[in-house]
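Structure first, then comments.
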Amino acid sequence: MLDPTFVRENPEAVETALRNRGMDASLEPVQAHDRRRRELLVEVEDLRRQRKEASKSIGERIKAGEDPAKAKDEVRQIGDRITTLEQELNDVEQQLTDQLSTFPNLPDESVPVGKSEEDNPVTRTWGEPRSFDFEPKAHWDLGPELGIIDFERATKLTGARFAVMMGAGARLERALIQFMLDMHTGEHGYTEVLPPFMVNGNSLYGTGQLPKFEEDLFKVHPHDFYLIPTAEVPLTNLHSDEILDVEQLPISYTAYTPCFRSEAGSYGKDVRGLIRQHQFDKVELVHFTTPEQSYEQLEKLTSHAEEVLKRLELPYRVVTLCTGDMGFGAAKTYDIEVWLPGQQAYREISSCSNCTDFQARRAKIRYRAEKGAKPRLAHTLNGSGLAVGRTLLAILENFQQADGSVVIPEALRPYMGGMERIG
RNA sequence: GGAGGGGUGGGUGAGUGGUUGAAACCGCCGGUCUUGAAAACCGGAAAGCGCAAGCUUCGCGGGUUCGAAUCCCGCCCCCUCCGCCA
């Protein structure tokens, strides 16, 4: 959520930012509700003060043996008036937060203005796409041919957009998870977390998936539980409603979880293969930090995700998302895109964002800069380190051989029991 | 799922209708003393909104009342016992 005070004082800056994000919402209703809220607040508070004082004197009169009937009557009228105004105040506040919670975060100044992914500048590129002396296959052919991915049986078990991993495929998925977690905990200083894979609506509000993006989620009926669309939700909400000690910061968490997304609205997109599944594994990175350090942390977080690809010898590039392509809660995002020979294209494998105070305000994540100081909102960041399914398919496509086998990247072999090749 | 008990400030915990935003203790911060520290003593400090006056907050929501941490109703969470289960 945006800072209401900032919106009040900088309406034109906010409108420009929203327009750059491809949202032409008018601030007019927000401003009207904001003004009305402040009027009501002043009036209600004044009436409450009157009632408090009057009630107190009634108590004193009773003790003094006087008849308080008339005073009671007067105070009751004040009380009725308060009830009426409070009702209106609640309505106005509800509408105000409803409107404000549909606004995305404001982009950082360094974010390029643009409409779509076409406008995302390439920030850096690593590695050379391998040249093949044969026609490289897509993983949706390689996987089934090697007998390590079964799309058809998954359809029988559940439906479209699910996959069954078999044998060396299942092992490879597990090896990647372990490889990534070991690197982030052992070398990058993250604390490993194993969170619940279901969260309540309040947590999803905290990170910004609710109320706007409910249709993207799987809900567990009849509870107020949802399957997590990313570990960002449980990890970030770990410190909701808390005041952290500045000495604890930055806090860095990593977690492996499966992620569940309904993919509503992406019919016909990436229908083949592992790219877009309803369930996929991901190793997530989440940081809690101070406003002063958050952009520095974003660079670090991104480099941690990149390191995984370097070790796996997978060519990639980093793009800076333009204003029109950023996610809801992000102020700045780097996407890491891995080279896929089967598609002859770079495809997203990680997305690293600084959410500044946007989630912290919703989830009430604060820290105290020094003893006795007022709590300030922390900054939260998150990134994939990495999407495991997409990493697996990138390995299949990049390390495929002319005979249809796949060489296992050296760094991964210890995690594969020494296996050097699949097929 | 059934029965019972409980949710108060950083922690423990008092408070069952009135000036209690909340005792006490522990912890924390500052000071005195000390070469320094400890101990002792003195003092300070909850959070949110607001320029401020002030208002709100004792799990959450509603109700009773002139007035609710305190009474009533609903919900959530925790603990104990039983049932079930990995």
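None of these values were measured; they are calculated from a predicted model. In what follows, chains are A, B, ... by sequence order, proteins preceding strands, each numbered from 1.
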Quiz prompt | Among U56(B), G67(B), G48(B), the nucleotide that comes nearest once only the side chain of S55(A) is considered | solution = G67(B)
Practice problem: Mind calculating the distance between CG (D241(A)) and P (U57(B)) to the nearest angstrom? | Solution: 17 Å
Practice problem: May I ask which nucleotide in the shown strands pairs with C49(B), Watson-Crick or G-U wobble, both distances under 3.5 Å? | Solution: G54(B)
Quiz item: Rounded to the Å, how far apart are M1(A) CE and G48(B) C1'?
Solution: 13 Å
Quiz item: If the C1' atom of G48(B) is compared with that of G15(B), how far apart are they to the nearest Å?
Solution: 24 Å
Quiz item: Out of A53(B), U65(B), A47(B), which has the shortest distance to the side chain of P375(A)?
Solution: A47(B)
Self-check item: Check against ring pair (Phe, Tyr, Trp, His ring centres under 6.0 Å), H379(A) and Y295(A)
Solution: CA-CA 10 Å; H379(A) 278 198; Y295(A) 280 98; 7.4 Å; no
Exercise. Determine whether the aromatic ring centres of F328(A) and F358(A) lie less than 6.0 Å apart.
Key: yes
Quiz item: Which whole-number value in Å describes the distance from K52(A) NZ to U56(B) P?
Solution: 5 Å
Quiz item: Mind checking who A40(B) pairs with, Watson-Crick or G-U wobble, both distances under 3.5 Å?
Solution: U32(B)
Quiz prompt | Pair assignment for C75(B), Watson-Crick or G-U wobble, requiring both distances under 3.5 Å | solution = G59(B)
Exercise. Starting from the C-alpha separation in whole Å, work towards a yes-or-no answer on ring pair (Phe, Tyr, Trp, His ring centres under 6.0 Å) for F260(A) and F218(A).
Key: CA-CA 7 Å; F260(A) 303 90; F218(A) 285 112; 7.1 Å; no
Quiz prompt | Watson-Crick or G-U wobble partner of U80(B), both distances under 3.5 Å | solution = A3(B)
Quiz item: How many Å lie between CG on D46(A) and P on U56(B), as a whole number?
Solution: 12 Å
Quiz item: Would you say the ring centroid of Y256(A) lies under 6.0 angstrom from that of H184(A)?
Solution: no
Self-check item: Strand partner of A69(B), provided both Watson-Crick or wobble distances fall under 3.5 Å
Solution: none
Quiz item: Just how far, in rounded Å, is C1' of U65(B) from NZ of K56(A)?
Solution: 18 Å
Exercise. Would you please confirm or rule out a distance under 4.0 Å between OP1 or OP2 of C66(B) and any side-chain N or O of R76(A)?
Key: yes
Exercise. Between A47(B) and C33(B), how far apart are the P atoms? Round to whole Å, please.
Key: 31 Å
Quiz prompt | Atom P, compared across A40(B) and C26(B): separation rounded to whole Å | solution = 8 Å
Practice problem: Compare the minimum distances between each of C51(B), C49(B), G18(B) and the side chain of L41(A), then state the nucleotide with the smallest one. | Solution: C49(B)
Self-check item: Nearest-nucleotide comparison on RNA chain B, the residue closer to the 5′ end among V75(A) and I243(A)
Solution: I243(A)
Quiz item: Got a salt bridge between R311(A) and E410(A), using NZ or NE/NH1/NH2 to carboxylate O under 4.0 Å?
Solution: no
Quiz item: Expressed in angstrom and rounded to an integer, what is the separation of E242(A) atom CD from A47(B) atom C1'?
Solution: 15 Å
Self-check item: For C25(B), the Watson-Crick or wobble partner whose two distances fall under 3.5 Å
Solution: G11(B)
Quiz item: For the ring pair Y253(A) and H239(A), is the centre-to-centre distance below 6.0 Å?
Solution: yes
Exercise. For nucleotides C82(B) and A69(B), find the distance between their P atoms and express it as a whole number of Å.
Key: 39 Å
Quiz item: Given atom CD1 of I58(A) and atom C1' of A68(B), what is their separation to the nearest angstrom?
Solution: 15 Å
Self-check item: Whole-Å P distance, A23(B) and C73(B)
Solution: 30 Å
Self-check item: Among C55(B), U65(B), G67(B), the nucleotide that comes nearest once only the side chain of R51(A) is considered
Solution: G67(B)
Quiz prompt | Pairwise 5' ranking along RNA chain B for R366(A) and R48(A), keeping only the more 5' one | solution = R366(A)
Quiz item: With a 4.0 Å cut-off on heavy atoms, is S57(A) in touch with a base, just the backbone sugar-phosphate, or nothing at all?
Solution: nothing
